[in-house]
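Inspection log for the structure reproduced underneath, given as structure tokens.
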Amino acid sequence: MSVERVIFHVDMDAFFVSVEEIFDPTLKGKPVVVGGLAHERGVVAAASYEVRKFGVHSAMPLRHAYRLCPQAVFIPGHPDRYRSYSRQVRAVLDDFSPQVKMASIDEAYLDMTGSKRLLGPPLNVANSLHETIKEKIRLPCSIGIGTSRLVAKIASDMAKPNGILSVLPGAEDRFLAPLDVARIPGVGKVSQENLCKYGIHKIGQLTRLQEEHLRSIWGKAGVSLVAKSRGLDVDMWSSPGMSVPDKPKSISHETTFRDDTTKQDLIDATLVKLVQLVGRRLRGYGLHGRTIQLKLRYADFKTITRARTLIRSTQLDTVILASIRELFSQNWNEDKAIRLLGVQIGSLETTSGQLDWIDDPRDRKWKQALEATDAVRNRFGESSIGLASAMKNAHQERVHENTVDVPERKLE
Ligand SMILES: [Mg+2]
């Protein structure tokens with residue numbers, strides 16, 4: 001007989017808001033929005049439970065949130081604080097299981113299989129984990145317990161806020177069947193609407209469908225959806241919805257300044273931000289790029305693009321940035337104001353075949369640091385689109401990142 005897996009999903013409650021409350025306890029119990037000021041162009045990164053009552057939720061434009069709840073406190077946010085608290089949470093989790101997988105900055109999966117003899121029944125362990133996080137870090141979280149990551153994640157979601165929910169082995173179907181399909185990780189609005197067209201609203205309806213039927217409609221994604229509806233772990237880390245997007249040929253970001261500029265620090269902060277955006281997407285796809293291209297448009301609309309090719313492909317911000325800065329300093333005519341800047345990375349290849357490069361311990365360390373911060377940027381990223389207004393944040397980010405031990409690497 002195989003051993004039942006015991007998986008915990010630990011998810012911090014309104015993480016960014018809770019961290020802000022530690023620094024300013026007067027925020028407690030108030031409607032709070034983290035992500036930017038009310039008039040800014042970005043989106044909500046986190047919403048307190050009080051403000052959610054007004055219909056505010058993350059990823060919503062800040063101005064929309066303001067319309068729904070003008071009395072809310074709007075905070076631009078402190079990514080450095082969130083990263084530091086995330087590390088503290090991680091340290092506590094490590095005390096409870098040798099197998100911790102951070103899924104983002106504020107959630108993690110713990111494999112607790114086999115911990116019973118050492119620590120006791122899972123529910124008791126979850127209780128003491130919950131207490132420890134509250135006492136040591138002063139942050140609330142919710143914990144889901146299940147035989148798969150999928151069930152554990154859905155359980156923690158339903159336990160929110162500040163709760164624990166355990167789905168006993170064998171009870172998965174009964175637990176999942178009455179839930180909306182949107183509860184399945186990876187099923188977003190579009191997928192939900194697609195399923196709705198076929199009259200599928202609840203997870204239980206999916207379970208009853210023939211795999212072949214779903215395969216004929218949605219191919220592989222349909223098959224994995226059926227597996228998920230049964231509480232099984234399939235492509236949990238990569239499923240974006242009903243369709244898997246093709247890998248891109250190149251990745252680029254560009255921004256137009258609100259006012260044409262010759263200001264060195266603004267220009268450099270913008271290049272940093274653009275590189276971060278490109279790097280984040282590159283890593284999101286698991287790709288490395290070799291060709292790095294700068295696009296520069298002057299106030300008179302004259303546009304130049306300049307590229308260079310690296311000897312080895314990279315997915316590191318530091319490496320991309322070094323090339324971009326060099327291309328920029330070589331090509332900018334300092335008398336002329338800049339209207340637009342763009343960064344592109346091309347000649348993309350998958351990670352495989354790059355093992356020597358990945359396995360350099362210094363790179364690995366830096367890569368892990370980036371992956372952790374990517375999780376923050378996945379939430380904050382959208383606000384970076386309004387770059388001109390986000391410049392203050394760009395400077396903050398740089399200050400933070402310069403403290404990280406950046407490996408030196410010769411490119412040529
Ligand atoms: Mg959370």
Side-chain angles (χ1 to χ4, degrees), residues 7-23 27-36 43-53 55-60 65 72 75 77-94 96-97 100-110 126 129-134 136-146 149-167 179-180 182-188 236-237 239 371-383:
I7 307 293
F8 284 11
H9 182 249
V10 180
D11 194 357
M12 308 310 292
D13 296 336
F15 180 54
F16 299 166
V17 175
S18 304
V19 172
E20 294 298 336
E21 284 176 1
I22 292 177
F23 290 85
L27 293 173
K28 278 190 187 146
K30 285 185 188 161
V32 177
V33 170
V34 175
V43 296
V44 176
S48 72
Y49 285 95
E50 286 71 20
V51 83
R52 291 182 200 187
K53 292 175 191 157
V56 175
H57 56 78
S58 32
M60 167 185 282
I75 303 172
H78 302 86
D80 48 343
R81 287 180 185 171
Y82 311 146
R83 279 190 279 267
S84 138
Y85 273 83
S86 177
R87 282 193 292 272
Q88 293 178 46
V89 170
R90 168 75 200 241
V92 171
L93 300 180
D94 283 338
F96 279 77
S97 170
V100 176
K101 161 100 186 163
M102 294 300 288
S104 75
I105 192 165
D106 78 327
E107 60 181 305
Y109 294 93
L110 279 67
L129 174 56
H130 198 254
E131 284 299 304
T132 309
I133 291 177
K134 194 184 294 176
K136 274 198 179 163
I137 311 178
R138 291 185 291 156
L139 287 176
C141 69
S142 297
I143 304 177
I145 307 171
R149 287 180 301 199
L150 182 110
V151 170
K153 183 172 172 69
I154 295 175
S156 75
D157 198 30
M158 296 187 61
K160 281 187 170 302
N162 204 26
I164 301 173
L165 181 60
S166 173
V167 180
L179 304 179
D180 288 343
R183 288 276 186 186
I184 299 176
V187 173
M236 278 265 321
W237 311 112
S239 71
E371 277 168 0
T373 59
D374 281 349
V376 179
R377 296 201 187 106
N378 282 337
R379 300 199 173 186
F380 275 101
E382 307 310 321
S383 69

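Just follow the structure's listing: the first ligand is 1, and inside any ligand the first atom is 1. Basis for what follows: all heavy atoms, side chains included, without hydrogens, waters or symmetry-related copies. Keep in mind that what you see is a predicted model, and the values were worked out from it rather than measured.
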- Item | Of the N, O or S atoms in Asp11, the one nearest the Mg ion (ligand 1) | OD1
- Item | Asp13 backbone or side-chain N/O/S under 2.8 Å from the Mg ion (ligand 1) | no
- Message: I want to check something: taking the side chain as every heavy atom from C-beta on, are Leu27 and Val17 in contact at a cut-off of under 4.5 Å?
- Response: no
- Has Asp106 got an N, O or S atom lying less than 2.8 Å from the Mg ion (ligand 1)? yes
- Query: Can you name the residues that form a side chain to side chain contact (heavy atoms under 4.5 Å, CB included) with Ala47, not counting sequence neighbours?
  - Reply: Val44, Val51, Arg52, Val56
- Task: Under the side chain to side chain contact (heavy atoms under 4.5 Å, CB included) rule, collect the residues that match up with Lys160, sequence neighbours excluded.
- Result: Asp11, Asp13, Tyr49, Ser142, Asp157
- Message: Do Glu21 and Arg138 make a side-chain contact, defined as non-hydrogen atoms from C-beta onward lying under 4.5 Å apart?
- Response: no
- Query: Is the distance between the Mg ion (ligand 1) and the nearest N/O/S atom of Met12 smaller than 2.8 Å?
  - Reply: yes
